[in-house]
Enquirer: 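Mind having a look at this structure? Questions to follow.
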Amino acid sequence: MPASTATPPAAVEARGWGWRYATRQAWAVRQVSLRIEPGQRVLLLGASGSGKSTLLQGIAGVLGGADEGEQEGSLHVAGLAASAARGHAGLVLQDPDSQTILARVGDDVAFGCENLGVPREEIWSRVGEALDAVGLDVPLDRPTSALSGGQKQRLALAGVLAMRPGVVLLDEPTANLDPAGVAEVRDAVGRAMDATGATLIVIEHRVEVWLPLVDRVIVLAPGGGVLADGTPREVLGAGSGGDAAPAVAHDLAAAGVWVPGIPPRVPPPPVHATGEALLTAHDLTVARIPGAVVAGPLDVEVRAGEVLGIVGANGAGKSTLGLTLAGLLPPAGGRVAASASLAADASPRRRRGQADDDPFGWSSRSLLTRIGTVFQDPEHQLLARTVRDELAVGPRALGLAEEEVSARVDDLLDRLRLARLAEANPYTLSGGEKRRLTVAATLAARPRVMVLDEPTYGQDATTWAELVAIIAGLRDGVDERGPLAVAAITHDEGVLAALHARRFEVTR
């Protein structure tokens, strides 16, 4: 990527800066004072909900005006107010779906360049270079709707790299990528920064992955301000190759920061022997679009008393398999069958006739209490105006008494550390908070089988451990219908190890 056509590296400066969303009483981030010099490479850390994503959106100038929220202090990019410096910073959001604009891959990557007025003859060479850099080897006319979640992350990053901004802002850029993809994207970012000299600020819980690329670590405090700021050695200590006092690293870990060498706690092994297969797939092929099979034929069982870890490369069809097992997509071929105990008393979808053991034939109400699904993208299943109401959607759909609804909601608010956000609009939550909310909302209906797609995405060390403990509790749980089961689609090897999961690899 030729440096001659890139925006010059830019400085970023915050002085007592904060932002509060219009629908929230609490500040999303507050009292941030720092200066990042042109060309510095910064890893931005902090507990879930400490305001990392909001700070990046502020730097990118996309938070909006007074009708969308309230600002305090000042935030400048390249000497200009961040809101007036658009084009100097390129942002890859936590949710790649939210910045997929156009229907075809090539057009989407070119979109930012077109808005910056890049000459037409230069745009398409930039598009090709950016797609090569992030390892997204698909035709330029591939529909963006046909990409997997991990491929959409690469697409979003390619669109930013093609713009060649002075500041590159990355919010969890590798969260949904397989291990090979993580290294590819990190290396692609490094090559781009070497070529352009751009300033880099990256939020990422995979701390070890980015340490070779960054020269500074900034940690935001949950209550506002900066908790730590220095070189990786000064901030993260011996786990990053440095000699900082152990107390510093342990204090950060206690605050929820992922610190190399200080792993979060994990639950004990399963308490029950593996039980019956609650879901069984035989010769199963899966597809999101009819006729476009993405994986199979597959033989797989989801068994009571264990966690099935569904793994594989990006684009292999893991999420599509999960949706098919959960009864949300019809099998493209073969079949999915529920056990007699899981299918008992299930009612059919309207106009489908008699319900059978295929979950796709069940009514939504029958699915709600039998198979709960947490999607890869949390925003795809947010329905209500407040966190509290979101948790009540399932129980109310089941016709439960309000006393029971309130009891379930209050319990989940406490267990998932969402009580302080009970009256907040779900869309104003951080990515990690949205993930915990969607897990909690699914748990509220108390299904016997849980299908979780990247359940620990966007979590700090503390909330990661809490979510893993909740999943372990599901694995070990028993209700009046019998033992429970979990299928988890994940690239997080730590989750699989912590839950003693049985691995099932989906290959292309």
Side-chain angles (χ1 to χ4, degrees), residues 1-3 5-14 32 34-46 51-62 75-80 82 85-94 96 99 112 126 129-130 133-135 153-154 156-175 177 181-220 226 228-236 240 258:
M1 295 186 180
T5 58
T7 302
V12 175
E13 185 168 15
V32 174
L34 53 81
R35 178 176 173 83
I36 298 171
E37 299 297 338
Q40 275 197 318
R41 301 176 180 184
V42 175
L43 179 61
L44 183 63
L45 302 177
K52 303 183 296 296
S53 296
T54 302
L55 176 57
L56 254 61
Q57 291 172 36
I59 295 170
V62 298
L75 184 61
H76 289 80
V77 177
L80 303 170
R86 294 174 185 170
H88 285 274
L91 170 65
V92 176
L93 295 169
Q94 223 172 29
Q99 61 187 107
R126 288 196 188 192
E129 291 171 2
V134 301
Q153 280 189 301
R154 296 178 195 236
L157 179 57
V160 166
L161 295 181
M163 293 165 60
R164 298 175 187 167
V167 182
V168 174
L169 307 169
L170 306 179
D171 193 348
E172 299 271 6
T174 64
L177 297 181
V182 169
E184 286 177 8
V185 167
R186 188 271 318 276
D187 293 345
V189 171
R191 289 192 297 271
M193 298 306 97
D194 290 341
T196 65
T199 306
L200 172 68
I201 307 175
V202 57
I203 298 171
E204 182 61 85
H205 289 304
R206 288 184 172 106
V207 172
E208 295 94 334
V209 171
W210 292 91
L211 287 178
L213 199 62
V214 302
D215 50 37
R216 184 176 174 187
V217 175
I218 298 174
V219 184
L220 296 187
V226 174
D229 184 357
T231 66
R233 175 174 298 185
E234 292 168 341
V235 174
L236 297 177
S240 60
W258 285 93

Enquirer: In sequence, state the C-alpha distance, the side-chain angles, and the governing distance for Glu204 and Val209, and then conclude on side-chain contact (heavy atoms from CB on, under 4.5 Å).
Expert: CA-CA 9 Å; Glu204 182 61 85; Val209 171; 5.7 Å; no
Enquirer: For Ile36 and Ile218: C-alpha separation, side-chain torsions, deciding distance, then whether side-chain contact (heavy atoms from CB on, under 4.5 Å) applies.
Expert: CA-CA 10 Å; Ile36 298 171; Ile218 298 174; 4.3 Å; yes
Enquirer: So, are Arg35 and Asp229 salt-bridged, with charged N and O less than 4.0 Å apart?
Expert: no
Enquirer: Keeping Thr199 on the side-chain end and Ala10 on the backbone end, is there a donor-acceptor pair under 3.5 Å?
Expert: yes
Enquirer: Please check: side-chain N/O of Arg191 versus main-chain N/O of Ala133, any donor-acceptor pairing under 3.5 Å?
Expert: yes
Enquirer: Output the distance between atom CG (Leu43) and atom CG (Leu236), rounded to the nearest 0.5 Å.
Expert: 7.5 Å
Enquirer: Distance-only, no hydrogens or angles: does the Lys52 side chain make a donor-acceptor pair with backbone N or O of Gly46 under 3.5 Å?
Expert: yes
Enquirer: With a 4.5 Å heavy-atom cut-off, do Trp210 and Pro173 have their side chains touching?
Expert: yes
Enquirer: I need the minimum non-hydrogen distance between Val77 and Ala85, along with the two atoms involved.
Expert: O-CB, 3.8 Å
Enquirer: Does any N or O in the side chain of Arg126 come within less than 3.5 Å of the main-chain N or O of Ala162, such that one atom is a donor and the other an acceptor?
Expert: yes
Enquirer: Taking only Lys NZ, Arg NE, NH1 and NH2, and the carboxylate oxygens of Asp or Glu, determine whether Glu37 and Arg216 approach each other closer than 4.0 Å.
Expert: no
Enquirer: Taking it one step at a time, do Met193 and Val168 satisfy side-chain contact (heavy atoms from CB on, under 4.5 Å)?
Expert: CA-CA 9 Å; Met193 298 306 97; Val168 174; 3.5 Å; yes
Enquirer: Taking all atoms of both residues into account, what is the closest heavy-atom pair of Leu161 and Ala192, and its distance?
Expert: CD2-CB, 3.8 Å
